[in-house]
Amino acid sequence: MYTTSREMVRKAKQNGYAVPAFNAEDLEMIQAIISACEEMKSPVIIQTTPSTLKYMRTFEASAIVKALAERTGIPVSLHLDHGSSYELCRQALEDGYSSIMIDGSKLSLDENIELTARVVKLADTYGVPVEGELGTIGGKEDSLEGEVQYTRPEEAVRFEKETGVAMFAAAIGTKHGFYKGEPHLNFELLEEINRMVSVPVVLHGGSGIPDDMIRRAVNTGIAKLNVATELRYAATQAVRKALLDESVIDPKKFMGPARDAVRELCMEKIKLCGSEGKA
Ligand code: 13P
């Protein structure tokens, strides 16, 4: 069933688990994600970044996700990840996305609030919830590299109140992409943010975090967990391996293994999110 992410993340926050939010780059990844979530009866958010949308347009992603979602009993939402402009958010909404992120984290707090509030107002007319970002998640984010700037809880309170976001991404030490060395997550900060704001909190940079840290983040109140790099890596490794056999000349023979690898990995992440059986 195709739905917005609003109820999914609200229920997850209330019941102490996280909705997995998996980035997809192609048809096979979308198939793999839905199939894994169906098998484990997990709600799911499928998301595309602006760079993915240069490869697969919003109406293409939406047509595929909706068609598959309508044939399954689990709730599926299609989310714009790190929406980079008001215009891209508008286009995604127009093409049927059921969840939107506007990333104003590079702006000043006032400008971030102003842009996010404008996107919330627009998305409201479609009945679609919006995720904002406050503080900066480090690492390679789409095509941008940056350092972590921790979210300030008192700013989060203002952000929530003045923008009307349905959820927001907090910077607590995670980074996009693989980590150089051990990741350091500030669980005390996460706890404080969760105490002070009422909307669900999103954890970005889910790849390469040890399992016990993910479980702890979920137990500390993360209601949406974003995973991209590990899925892309699993797909790429499977293709690489399949193509070592030079007699392979059919995409089904290398994209099939990529799809299987992504499906397996999604099932592992669903277990860490605690979302199994919550569809
Ligand atoms: P990773 O690529 O580190 O899994 O981060 C995903 C993410 O946060 C997408 O917004």
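By convention here, the first residue in the shown sequence is residue 1. Remember, it's 1-based here, ligands and their atoms both numbered in the order they're listed.
- Both the backbone and the side chain of Thr229 come within 4.0 Å of ligand 1, judged by heavy-atom distances.
- Listed by atom number, the atoms of ligand 1 under 4.0 Å from Gly205 heavy atoms are 1 (P), 3 (O), 5 (O), 6 (C), 7 (C), 8 (O).
- Although no hydrogens or angles enter the test, the distance criterion places no donor-acceptor pair under 3.5 Å between the side chain of Ser42 and the main chain of Ile270.
- For the residue pair Asp81 and Asn23, a side-chain donor N or O sits within less than 3.5 Å of a side-chain acceptor on the partner.
- For residues 215-247, the ring-ring contact (aromatic ring centres under 6.0 Å, His included) pairs, not counting sequence neighbours, are Phe178-Tyr233.
- Applying the side chain to side chain donor-acceptor pair (under 3.5 Å) definition to pairs two or more places apart or across chains, those involving residues 61-73 are Glu38-Thr72.
- Lys175 approaches Ile137 most closely through the heavy-atom pair CA-CG2, 4.1 Å.
- Of all atoms in ligand 1, listed by their number and element, those nearer than 4.0 Å to a heavy atom of Asn23 are 9 (C).
- Not one N or O of Val227 is nearer than 3.5 Å to an N or O of ligand 1, by distance alone.
- Remark: Lys278 is positioned above the aromatic ring of Tyr17, its terminal NZ or CZ atom under 6.0 angstrom from the ring centre and at most 45 degrees off the axis.
- Not a single N or O atom of Glu230, backbone or side chain, sits closer than 3.5 Å to an N or O atom of ligand 1.
- Considering backbone and side-chain N/O atoms, His204 comes within less than 3.5 Å of an N/O atom of ligand 1.
- Taking a cut-off of under 4.0 Å to the non-hydrogen atoms of His82, the atoms of ligand 1 that pass are 10 (O).
- With Ala21, Ala169, Ser207, Gly177 as candidates, the residue nearest to atom 4 (O) of ligand 1 on a non-hydrogen basis is Ser207.
- The Lys175 neighbourhood of ligand 1 comprises atoms 3 (O), with distances under 4.0 Å to a heavy atom of that residue.
- The backbone N or O of Ala234 lies less than 3.5 Å from no partner atom in the side chain of Gln237, so there is not a single donor-acceptor pair.
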